[in-house]
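Down below is the structure, laid out as structure tokens.
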Amino acid sequence: PNCAESQLKAVYFGLGYAYLVLDKLDSAETNYKRSLAIAIKLNDKQHWIENLVNLVKVEIKRKNYPAGLKYLEEARQFEN
């Protein structure tokens, strides 16, 4: 994998987490989605799932349960 992309994935994930803790939900979502896009591109299933789970947490804080459920349903593809 491209080291720069792998590092960026981790940076965006960390920023997403920091913004989630600070209740800056739009910024958290943006950074988790950036990390998710890289995880998908690299086929990094662990980080793919972790980003989806944290996007669920963002939607729960927003009380937007249907959107959270959508992310959970996407994560179900990794069941086995």
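If you're wondering where the values come from, they're calculated on a predicted model, not measured in any experiment.
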Heavy atoms of other groups near K45 NZ, more than 12 under 6.0 Å
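Atom NZ in K45 is not crowded, with 12 or fewer foreign heavy atoms closer than 6.0 Å.
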Just how far is it from atom [atom1] of [X] to atom [atom2] of [Y], taken to the nearest 0.5 Å?
| X | Y | atom1 | atom2 | answer |
| --- | --- | --- | --- | --- |
| E50 | L55 | CD | CG | 12.0 Å |
| Q77 | I49 | CD | CD1 | 8.0 Å |
| L52 | E73 | CG | CD | 11.5 Å |
| Q7 | I38 | CD | CD1 | 11.0 Å |
| H47 | L42 | NE2 | CG | 10.5 Å |
| L8 | F13 | CG | CZ | 15.0 Å |

Could you walk me through whether N31 and R34 satisfy the side chain to side chain contact (heavy atoms under 4.5 Å, CB included) test, starting with their C-alpha distance in whole Å, then the side-chain angles of each, then the deciding distance to 0.1 Å, before giving a yes or no?
CA-CA 5 Å; N31 282 284; R34 287 176 178 161; 3.8 Å; yes
Between [X] and [Y], is there shared hydrophobic-cluster membership here, with clusters defined by ILVMFWY side-chain heavy atoms closer than 4.5 Å?
| X | Y | result |
| --- | --- | --- |
| V56 | Y12 | no |
| V11 | L20 | no |
| L69 | I60 | no |

For [X] versus [Y], what's the shortest heavy-atom pair and its separation?
| X | Y | result |
| --- | --- | --- |
| V58 | L25 | CG1-O, 3.9 Å |
| A28 | G16 | CB-O, 3.5 Å |
| Y32 | N51 | O-OD1, 3.3 Å |
| G68 | E59 | N-CB, 3.6 Å |
| S35 | K9 | OG-O, 2.9 Å |

Does a side-chain N-to-carboxylate-O contact under 4.0 Å join R62 and D23?
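Salt bridge between R62 and D23, a charged N being under 4.0 Å from a carboxylate O: no.
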Before accepting this row, confirm whether a basic side-chain N of the pair E79/R76 lies closer than 4.0 Å to the acidic partner's carboxylate O.
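Looking at E79 and R76, the cut-off is met.
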Determine yes or no for a side-chain-to-main-chain donor-acceptor pair under 3.5 angstrom, with E29 supplying the side chain and D26 the backbone.
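Here the side-chain-to-backbone pair does not exist.
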